[in-house]
Amino acid sequence: MTRALIVVDVQNDFCEGGSLPVAGGAQIAHDVNRLVRRWQARLPDAPDYAHVVATKDHHIDPGAHWSREPDFVDSWPVHCRVGTDGEAFHPNLDPQPFDAVFLKGEHAAAYSGFEGSTAEGVPLATWLRDHQITDVDVCGIATDHCVRATVLDAVQEGFAVRLLPGLCAGVAPETSEAAMAEMIDAGAGVA
Ligand code: ZN
């Protein structure tokens, strides 16, 4: 068993002050950072990840994913535009320890981190397999959208998956609860 942590979309636009803020986003950035720091320092009680990677919503022109009149289901306010501060990792989260960052959604909506690739074009699933990863923990923003889609794809791709609900923030309580049930149904564990 070789485990990696996938940190989903902990970006300025998804945190307080961003264009599509999720309540608790900045706190999640802080808490994920603390976990990653403990892992990096190899503290005795830190998780034994072989790698820690992150995903980013990374839009140039994602078509109908952006809207002036968003329905907050399939269309959203402009967010995570490439080259803006909104696309950057939240300052509470130091990206330095990440072994790889997977960018998604340049020209279309992309909720799952598994739709993302490194700047060199390596997709997430390929990268994980190339690094002998069998198990993944998933955390980040938002529980009911990109975390959900990433967890479901990780299960589909054959990884053993654990959700870290204490390190996730959701858009709405009802949809987050439904997403949790769906992820568990699909075979994800909860740590
Ligand atoms: Zn997006």
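If you read the sequence from its start, that first residue is 1, and numbering goes on from there. First listed ligand is number 1; within each ligand, the first listed atom is number 1. Everything numeric here is computed off the predicted structure, so don't read it as measured data.
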Tell me, please, whether W39 has R42 positioned over its six-membered ring: NZ or CZ under 6.0 Å from the ring centre and within 45 degrees of its axis? yes

With sequence neighbours excluded, residues passing side-chain hydrogen bond (donor to acceptor under 3.5 Å, both in side chains) with K104: D9, D57

Under 2.8 Å from the Zn ion (ligand 1), the protein N, O or S atoms found are D57 OD2, H59 NE2, H65 NE2, H79 NE2

Could you tell me if the ring centre of H58 sits under 6.0 Å from that of H107? no

For M1, the rest of its hydrophobic cluster, which grows through side-chain links under 4.5 angstrom: none

If you draw the axis of the six-membered ring of F102, does the NZ or CZ of K56 fall within 45° of it and under 6.0 Å from the ring centre? no

Transitive ILVMFWY cluster of L43, excluding itself - 4.5 Å side-chain cut-off: none

